[in-house]
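Working notes, structure below.
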Protein chains: 2
Amino acid sequence: MDDLNVTSDKRTHNWLDTLRSSGYRLTEPRQAVIDILAKSQRALNATEIFDLAREEYPSLGLVSVYRTLEKLEELELIQKVHHPDGCQSFIAGFTGHQHLLICQVCGQTEFFEGDDLAPLIEHVSRESGFTIEEHWLQFFGLCAKCK
Amino acid sequence: MDDLNVTSDKRTHNWLDTLRSSGYRLTEPRQAVIDILAKSQRALNATEIFDLAREEYPSLGLVSVYRTLEKLEELELIQKVHHPDGCQSFIAGFTGHQHLLICQVCGQTEFFEGDDLAPLIEHVSRESGFTIEEHWLQFFGLCAKCK
DNA sequence: TTGATAATGATAACCGTTTTCATTACGCGG
DNA sequence: CCGCGTAATGAAAACGGTTATCATTATCAA
Ligand SMILES: [Mn+2]
Ligand SMILES: [Mn+2]
Ligand SMILES: [Zn+2]
Ligand SMILES: [Zn+2]
C-alpha cells in the first residue's frame with residue numbers, strides 16, 4: 001500500500017465520518033462513489049464515477065452518483081472543476097485558499113497556493129470602481145509524466 | 001448617441017465585415033444576434049439573446065442563435081464566460097491577453113490586464129514538475145452601481 | 001435577373017440531469 | 001439481537017438545453 005492509498009483511505013474515512021455526523025446514513029452506494037473520488041488524481045464527472053464505481057459495486061445506480069455528489073459538494077468535501085471542455089466534474093476539495101493546476105493531457109490535478117494578487121486586485125479595483133470579493137485562478141499545462 | 005453605442009456600432013460593423021471576409025453571408029438573423037451581443041455589457045446565453053433579439057426581429061429562430069454563436073466563437077469575436085452558476089454564456093471578446101471582472105449582482109463584465117503571474121508560475125512549475133502553458137484568472141465583485 | 005447553394009425556422013432527436021415512486025436497507029430504540 | 005420508521009435506493013419517466021434533420025427561403029456571384 002503506497003502513500004496515495006494511505007492518504008485516500010484516510011480521506012475516505014474522514015468523508016464517511018462527516019456524512020454520519022451530518023445525519024446522513026452510511027450506505028454502500030455512497031461508499032462506492034466515495035472510494036472512487038477519494039483516490040482520484042483528476043476530476044471526474046458523474047458518468048466516469050458511475051463506470052468506475054460499478055466495477056466494484058455493479059448494482060449502483062447513476063442517480064445515486066448524482067445524489068452523492070450533491071451531498072459531498074454541500075459538505076464541501078468535493079468541488080466542481082471548470083475546464084475548457086466541461087464544467088461538470090468534481091475533485092476532492094482542499095482546505096483553505098488554494099488553486100488548481102491541471103494537466104491538459106491526462107487531467108492530473110494538483111492544488112497550489114501562494115498567489116499574491118493583492119496589488120493587482122487593488123489596482124483593478126481602483127481603475128474599475130468594483131469591489132472585488134473573489135477570484136478564480138487556474139493553471140493549465142503538462143504534468144511531469146506527460147511532457 | 002453615447003459612447004457605448006458608437007463603440008457597439010463599430011463593433012457590429014467589424015463583426016459583419018469579418019463574417020463576410022470569412023465567406024459567410026450577411027443575413028438578418030445573424031445581424032439580429034450580433035446587434036444584441038455587440039452592445040451587451042454582460043455575458044448572455046442563447047435564450048437571453050433569443051428573447052432580446054426577437055424584440056427587434058420576431059421571426060428569429062432559436063437554432064439560428066446557436067448557429068451564429070458557433071460562428072462568432074470560431075472567428076474569436078466572442079468568448080465563453082465561466083461563472084459559478086453557468087458556463088454557457090458569451091461576451092464580446094477583447095484582443096490580446098485580458099482577464100474578466102464580473103459583477104456578482106448585475107453581471108456587468110469588464111476586462112483587465114496587467115497581471116504578472118510569471119514569478120508564481122515559475123514557483124508552481126518548479127514545485128510541481130508541470131510545464132504551465134495557460135492560465136485562467138477571473139475576478140468577481142460588485143460594480144460601482146451595485147455596491 | 002438568375003441560379004447555385006448557404007442559411008433559415010419548424011420539428012424531432014438527443015443526452016445529461018432531475019423527478020417520481022415503489023422497494024430496500026440503515027440504524028436507533030427497545 | 002429484533003423490529004420499526006424513514007432515509008436512501010434503482011428503474012423508469014420527465015425535463016430542458018442543445019443538436020440534427022429537412023423542406024423552404026434568401027443571399028450574392030455570375
Ligand atoms: Mn488566490
Ligand atoms: Mn494573465
Ligand atoms: Zn499529465
Ligand atoms: Zn453590478
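Naming: A, B, ... by sequence-line order, numbering from 1 per chain.
With hydrogens and angles left out, the side-chain atoms of B:His135 and B:His97 include a donor and acceptor closer than 3.5 Å.
Between A:Phe90 atom CZ and C:dG16 atom C1' the separation is 13 Å, expressed in whole Å. If you take CG of B:Leu62 and P of C:dG9, they are 10 Å apart, rounded to a whole angstrom. Atom-to-atom, CD of A:Gln31 to C1' of D:dA7 comes out at 16 Å; the value is rounded to the nearest Å. In this structure, the CG atom of A:Leu19 is 10 Å from the P atom of D:dT9, given to the nearest Å. Atom CZ in B:Phe50 sits roughly 16 Å away from atom P in D:dG16 (whole-Å rounding). A:Leu69 has its CG atom 12 Å from the P atom of D:dT9, to the nearest Å. Atoms CG (A:Leu26) and P (C:dT24) sit 22 Å apart, rounded to a whole Å. Nucleotide C:dA7 holds its P atom 12 Å from the CD atom of B:Glu70, rounded to whole Å.
Nearest-nucleotide positions on DNA chain D for B:Asn45 and B:Glu28 put B:Asn45 closer to the 5' end. Along DNA chain D, the nucleotide nearest B:Val63 and the nucleotide nearest B:Tyr24 are compared for position; the residue whose nucleotide lies closer to the 5' end is B:Val63.
Closest contact between the side chain of A:Ser64 and the listed nucleotides D:dT18, C:dT8, D:dG10 involves D:dG10. If you check C:dG27, D:dG17, C:dT8 against the side chain of B:Tyr66, the one that comes closest is D:dG17.
Salt bridge B:Arg42/B:Glu48: present, at least one basic N to carboxylate O contact under 4.0 Å.
Considering only side-chain N and O atoms, B:Thr27 lies under 4.0 angstrom from the phosphate OP1 or OP2 of C:dT8. For C:dC28, the OP1/OP2 oxygens have a side-chain nitrogen or oxygen of A:Arg20 closer than 4.0 Å. For C:dA25, neither phosphate oxygen OP1 nor OP2 lies less than 4.0 angstrom from any side-chain nitrogen or oxygen of A:Arg25. At the phosphate of C:dT17, OP1 or OP2 sits under 4.0 Å from a side-chain N or O atom of A:Gln88.
At least one side-chain heavy atom of A:Ser22 sits less than 4.5 Å from a side-chain heavy atom of A:Leu75.
In this structure, B:Phe140 and B:His83 have perpendicular ring planes: the angle between them is above 60°, well past the 30° mark.
No close placement of the A:Trp136 and B:Phe139 rings is indicated, their centers lying 6.0 Å or farther apart.
Among the atoms of the strands shown, none is found under 4.0 Å from any heavy atom of B:Thr47.
Under 3.5 Å, the side chain of A:Arg67 and the base of D:dG10 form at least one donor-acceptor pair of N or O atoms.
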